[in-house]
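Since the structure comes first, as structure tokens, the remarks are kept for the end.
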Amino acid sequence: MHRVSATSTPAWKRWLTTTNHKDVGILYLVTSLLFFVTAGIMALFIRTQLAVPRGTSNSIVTQLQYTQLVTTHGLLMILWFLSPFAFAFANYFIPLQIGARDLAFPRLNSMSYWFYFFSGIAMGLSFLIGAPNTGWTLYAPLTDRGCGGTLCTALGGFDLGAIGLVLMVTSITMSSVNFIVTILKMRAPGMKLKFMPLFSWTVLITVFMMLYAFPSLLAGALILFADRNLGTQYFSLPQGGFLLWANIFWFFGHPEVYIVLFPAIGLVGDILPTFTRRPLYGAKYIVMSIAAAAVISFIVWGHHMFVTGVNPLVTKIFTVSTVAVSLPFDVMTIAMIESFVKAKIKLKTPALFAIGSIALFIIGGITGVFLASVALDHDLRGGYWVVAHFHYVMVGGSAMALIGGLYYWYPKITGRMFNERIGKIHFLLSFIGFNLLYFPMFFVSDMPRRIFTYDVTAWAPWNELATLGAFIFGGAQILLFLNLRRSLKNGAVAGSNPWNGHTLEWSVPSPPPGYDFEQIPRITEDGIVHFSGPSSAHIPNGHTHTTMSHLSQWPLLIAAAAFVFLVGAVFTIIIALVGVALGVYALYGYGRERFVAEEEPGAESWPFNNVPKLKLGVWVFLGSEVIFFSVLLGAYLFVRTNVGTTWPQVDSVFNIDRGFLNTIILLTSSLTAVLGLSFANAGSKNGLLASLITTLALGAGFLINKGLEWRELFSSGFTFNPASTNLKVPATTYFITTGAHGIHVFAGLVMMVYLISMTLKGHYLKEDSTTIEHFGLYWHFVDIVWIFLFPLFYLL
Amino acid sequence: MAVSNTADLFFQLWNTFLFLGIVIGAFVFAVMGFLLVKYRANDSTPEPEDVPVMGRLPTHRGHVRTLLVSVTLSTIILSVLIFGTFSVIDQISSVPAQCNVTPSPCMRINAVGERFRWTFYYNGTGTGAAGHPVLRIPIGKTVILDVTSVDVVHNLTIIEYKIKTDAVPGRINTIWFNATQVGTFRIQCFELCGNQHWTMYTPLFAMDPTSFASWFITNNTLAGA
């Protein structure tokens with residue numbers, strides 16, 4: 001890391017190595033908008049194809065291409081556009097809103113972006129080589145071995161798409177940890193949670209949801225990858241199959257659609273007060289509602305499986321929970337509308353988009369209640385009512401609000417005002433185009449989704465309208481880009497607070513200097529913000545006013561290494577090894593780099609006042625690991641209960657002695673890890689070293705024992721896909737679950753090698769021992785997982 | 001009159017949802033529109049008393065009262081919808097008890113989905129069983145469809161009868177209906193099953209009992225019978 005001034009760093013170097021939250025925000029902004037345009041163009045192809053009944057000879061794309069377009073459009077919009085767009089703003093503005101100078105872990109933040117970047121490259125390559133054609137929901141066994149034992153989709157691009165997903169989930173997990181620690185630990189003195197703006201609140205709630213939803217997708221993707229490439233049989237056998245994938249996917253999938261929505265709602269909650277000149281009505285009830293909806297969102301996933309043949313009682317329960325989730329949204333909407341009462345409403349472009357998004361969200365929400373009814377779903381499932389509903393909430397509710405946010409914060413980011421007139425025209429055309437595009441779809445609920453073309457002439461007029469709307473809506477976005485581009489040079493200079501807002505980002509110059517605040521504000525009990533006065537929170541020594549700080553090339557290199565490794569793992573082992581080498585080099589450099597993120601004294605951090613940032617981060621991260629292993633174990637239990645009595649007898653396949661030995665090894669290694677921490681605290685370098693080396697040896701012993709065990713199993717015919725039918729599911733569940741655990745043990749070994757090398761240099765002694773403590777937390781977690789695995793696989 | 005009992009049940013519930021949805025939506029939009037017009041600012045409008053200003057984080061505004069009223073009203077309305085849903089589901093989810101006597105007055109048909117066609121079997125799916133690519137059924141008789149798939153997940157939907165179920169390999173999902181009118185209707189797959197998913201549709205012919213009986217006799221002998 002070096003501190004350099006903005007003028008001496010060449011632009012390419014700045015953008016590749018920045019860890020500043022504002023720069024990272026801009027990177028996310030540009031990249032996410034690129035995906036918006038790409039996936040939007042795909043939508044125009046889809047709408048053109050569907051405008052009239054065509055038949056194969058009159059079509060503009062092939063059947064395969066069409067289905068690939070539909071799949072990629074969905075994946076890109078939901079995962080690569082909506083959330084990253086929201087997090088562009090989260091990156092840029094959360095520190096400003098809470099009175100911090102950056103996120104808790106700036107290099108991790110940069111790494112989040114580069115993982116996202118490379119995941120996008122993977123998706124792009126996937127599309128070019130042969131994108132998935134299974135719909136974004138990737139239903140098994142279509143993605144797996146449904147077609148008479150062979151893969152239905154043998155397209156080479158499919159596994160690249162899986163790589164894209166894995167990288168994206170990694171990026172999101174890192175971001176979640178970062179934002180949780182930042183918002184909980186780095187608020188300005190006196191910035192109690194109750195004073196936080198709505199956008200900061202919704203981001204906090206959203207990242208918790210991300211942390212607990214995405215590991216389910218990761219586990220599902222891992223299992224799918226193994227099924228496709230290693231021959232395991234989770235999704236291709238009836239015992240697991242479709243229902244298993246559906247449960248894993250939708251446990252993630254439903255919270256996901258609220259994840260893309262809540263930051264947008266938070267944005268509306270920030271925009272409204274500024275343009276109604278009154279506080280938000282019932283702000284604390286809005287926050288409570290969002291938190292309630294977030295929790296309930298984890299227990300509604302069954303409504304995506306209403307007609308899959310599950311027990312009617314189960315469908316009734318999910319009907320109730322899904323209908324119930326509309327209540328908090330009810331509260332939010334009413335509160336926002338009440339905000340207009342006796343207000344002074346200024347319909348500038350940001351306000352138009354925010355208010356427009358509320359209106360569109362209402363339509364989306366009401367039509368969603370129809371879908372909550374399992375009875376009505378017997379007509380609506382898989383048809384265009386569903387398509388209309390989710391576009392109303394995701395485009396109307398989420399994207400439009402986020403675009404309003406882009407207008408709202410454009411002056412702050414660029415220091416210029418956009419052209420208000422063109423902004424209003426953009427809104428009008430978007431609003432009209434949007435409704436013309438999606439409202440007709442409610443009238444063709446009889447038309448199935450994802451069909452290449454149709455022969456029912458009654459569907460045609462609605463489709464024509466929708467296509468017309470698509471081109472108006474799509475075309476209108478050109479105005480957005482032209483306006484913002486042109487205003488960069490020609491726009492009126494915006495001061496620090498062109499809208500007369502009250503949240504803290506408007507108190508700094510436009511654009512803000514590298515260090516954000518000259519002095520961190522201090523808030524008193526009555527909500528008054530003190531910008532100057534007695535405070536030790538000044539610009540850290542050594543900086544000048546034009547200093548840009550904290551460049552690091554390691555996040556980019558680590559992300560690149562991960563990308564190369566995964567590509568190699570799928571296609572050719574040599575590339576994988578290159579990835580490993582690059583990864584080792586980059587991780588080492590990352591570890592060695594002396595990077596100091598400034599710590600502000602007196603930061604508001606209730607209720608985590610005595611918990612250091614890094615420790616909070618590790619605990620939060622381990623929470624996501626709990627979900628990941630819970631899904632894997634849940635999948636195991638699911639298939640096992642469906643297989644029933646044909647499961648192999650205890651000790652007939654698995655060697656209990658080896659399993660027991662491994663349990664002893666790991667338990668002992670946890671003990672030595674604890675010993676190591678004691679030695680570190682006491683300042684004994686040799687004691688720490690001995691403990692670490694012993695723990696490493698024990699961990700290695702575990703893996704060697706496991707390797708020998710696997711070799712024995714393979715030679716007895718118990719492979720990833722044994723010949724004997726009775727053994728297929730046991731083999732699948734065993735290898736995937738213990739394999740995932742083994743990878744975590746191996747990661748621990750890598751960490752220990754690094755720790756040992758640093759201990760040799762005299763680190764981690766006395767007060768410096770927190771790193772050992774954090775490693776211990778991870779290691780104990782890995783051991784606890786084994787304590788669940790051992791009885792489940794070996795003793796039952 | 002509706003074309004089947006299932007359609008009839010469906011439309012009653014659907015109309016309730018639609019009515020409530022439109023009324024509530026219209027009401028909310030009316031209120032929103034009214035407020036936006038009434039409180040729209042012009043340059044002479046004074047700033048409200050509690051206008052948020054830089055340097056002061058906003059005070060709380062509003063009573064929980066309105067929100068509680070709204071939540072209570074919503075709960076009542078939503079409960080109506082839930083009970084309506086439960087009532088319909090109870091009626092359509094299990095095969096009518098009368099079908100379980102022997103000889104059964106109901107007709108049981110196997111429906112098998114595969115990429116990209118439906119095949120219907122009237123005499124079980126054993127060896128030599130004759131499969132039909134279109135579905136013919138008599139009106140006035142309870143027809144039970146046991147639906148499954150031999151490859152990937154499909155979805156069998158009888159569009160006008162407002163009934164559907166996923167066709168899942170390794171499972172049999174059962175739906176049933178009682179057709180009331182002679183006519184030609186549409187069965188289509190509603191779950192993406194491959195690039196030619198759009199081609200997976202076939203007609204359902206609801207026939208009067210006599211015509212159905214004469215068709216059935218000529219077309220449904222088991223091989224060797």
Side-chain angles (χ1 to χ4, degrees), chain A residues 63-64 67 133 135 139 141-142 146-148 152 195 238 241-242 273 277-279 281-282 284-285 307-309 312 316 319-320 323 327 330-331 334-335 337-338 340-341 343-346 362 366 370 373-376 378-379 381-383 446 448 450-453 497 502 506-507 527-529, chain B residues 10 13-14 17 21 24-25 28 31-32 35-36 39-41 45 47-48 50-62 64 66-67 70-71 74 78 81-82 85-86 88-89 93 151-153 155 159 162-166 168-171 173 188 190-198:
Chain A
Q63 290 169 116
L64 170 62
T67 325
N133 62 336
Y139 273 1
L142 184 62
C147 295
C152 284
F195 287 134
F242 166 60
R277 310 310 296 155
R278 289 199 70 184
Y281 189 101
K284 71 177 173 198
Y285 302 115
V307 296
T308 55
K316 285 180 176 177
T319 292
V320 173
V323 167
L327 287 171
D330 196 16
V331 172
I334 303 290
I337 295 177
E338 290 243 35
F340 299 150
V341 175
K344 178 182 168 182
I345 305 173
K346 300 173 133 180
I362 290 171
I366 292 177
F370 284 69
S373 160
V374 52
L376 293 187
H378 276 75
D379 173 57
R381 181 261 203 264
D446 285 349
R450 298 163 167 169
I451 51 173
F452 170 67
T453 186
N497 199 351
H502 66 276
W506 302 109
S507 71
I528 302 293
V529 184
Chain B
F10 170 82
L13 188 62
W14 172 259
F17 270 78
I24 292 169
V28 174
V31 169
M32 240 180 117
L35 291 174
L36 285 172
Y39 295 108
R40 184 153 176 210
T45 325
E47 295 272 83
D50 52 5
V51 55
V53 289
M54 172 57 71
R56 182 160 46 91
L57 297 171
T59 49
H60 181 72
R61 172 191 167 196
V64 70
T66 339
L67 304 172
S70 159
V71 169
S74 302
L78 294 172
L81 299 178
I82 289 178
T85 297
F86 280 20
V88 171
I89 264 301
S93 59
D151 43 32
V152 299
V153 177
N155 176 290
I159 294 182
K162 303 298 164 195
I163 189 88
K164 67 177 71 188
T165 186
D166 282 355
V168 182
R171 285 179 79 89
N173 288 336
Q188 186 148 3
F190 268 65
E191 174 57 46
L192 178 65
C193 46
N195 302 330
Q196 294 167 65
H197 164 59
W198 67 282

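In what follows, chains carry the letters A, B, and so on, assigned in the order in which the sequence lines appear, proteins first and then strands, with residues in each chain numbered from 1.
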Pick whichever of [options] has the most heavy-atom pairs under 4.5 Å with chain A.
options: B:Leu36, B:Leu13, B:Val71, B:Ile163; result: B:Leu36
options: B:Ile24, B:Val88, B:Ile82; result: B:Ile82
options: B:Thr66, B:Val28, B:Val31; result: B:Thr66
options: B:Gly21, B:Gly170, B:Ala41; result: B:Ala41
options: B:Ile89, B:Val53, B:Asn155; result: B:Ile89

Run A:Phe452 and B:Asn195 through side-chain contact (heavy atoms from CB on, under 4.5 Å) and show every step you take. CA-CA 8 Å; A:Phe452 170 67; B:Asn195 302 330; over 6 Å; no
Salt bridge (charged side-chain N to carboxylate O under 4.0 Å, His left out) with A:Arg277: which residues, sequence neighbours excluded? B:Glu47
Between [options], which residue shows the highest count of heavy-atom pairs closer than 4.5 Å to chain B?
options: A:Thr319, A:Asn497, A:Thr308; answer: A:Thr308
options: A:Lys284, A:Gln63, A:Glu338; answer: A:Gln63
options: A:Pro312, A:Ala375, A:Gly282; answer: A:Ala375
options: A:Ala343, A:Gly135, A:Gly383; answer: A:Ala343

Ring pair (Phe, Tyr, Trp, His ring centres under 6.0 Å) between B:Phe17 and A:Phe370: does it pass, once the steps are laid out? CA-CA 7 Å; B:Phe17 270 78; A:Phe370 284 69; 5.4 Å; yes
Steps toward side-chain contact (heavy atoms from CB on, under 4.5 Å) verdict (A:Val529, B:Leu57): CA-CA 7 Å; A:Val529 184; B:Leu57 297 171; 3.9 Å; yes
Proximal component of [X], with respect to chain A [non-hydrogen, under 4.5 Å]:
X: B:Arg40; result: both
X: B:Val168; result: side chain
X: B:Asp50; result: both

Could you give the distance from [atom1] ([X]) to [atom2] ([Y]), rounded to the nearest 0.5 Å?
X: A:Leu376; Y: B:Leu81; atom1: CG; atom2: CG; result: 8.5 Å
X: A:Ile345; Y: B:Thr45; atom1: CD1; atom2: OG1; result: 10.5 Å
X: A:Ile334; Y: B:Ser74; atom1: CD1; atom2: OG; result: 6.5 Å
X: A:Asp330; Y: B:Leu78; atom1: CG; atom2: CG; result: 7.5 Å
X: A:Ile451; Y: B:Gln188; atom1: CD1; atom2: CD; result: 5.5 Å

Run the side-chain contact (heavy atoms from CB on, under 4.5 Å) test on A:Phe242 and B:Asp166 for me, step by step, so that the C-alpha distance in whole Å, both residues' side-chain angles and the decisive distance to 0.1 Å come before the verdict. CA-CA 11 Å; A:Phe242 166 60; B:Asp166 282 355; 3.8 Å; yes
Given side chains that start at C-beta, do those of [X] and [Y] come closer than 4.5 Å, heavy atoms only?
X: A:Lys316; Y: B:Phe86; result: yes
X: A:Tyr285; Y: B:Val64; result: yes
X: B:Pro169; Y: A:Pro141; result: yes
X: A:Val307; Y: B:Phe190; result: no
X: A:Arg381; Y: B:Glu191; result: yes

For a side-chain contact (heavy atoms from CB on, under 4.5 Å) check, start with the C-alpha distance between A:Lys344 and B:Val51, then their side-chain angles and the critical distance, and finish with the verdict. CA-CA 9 Å; A:Lys344 178 182 168 182; B:Val51 55; over 6 Å; no
Is there a donor-acceptor contact under 3.5 Å from the side chain of B:Arg61 to the main chain of A:Arg278? no
Whatever's closer than 4.5 Å to a heavy atom in chain B on A:Leu142 counts as both
Could you tell me which non-hydrogen atom of B:Pro58 sits nearest to which non-hydrogen atom of A:His502, and how far apart they are? CG-NE2, 3.2 Å
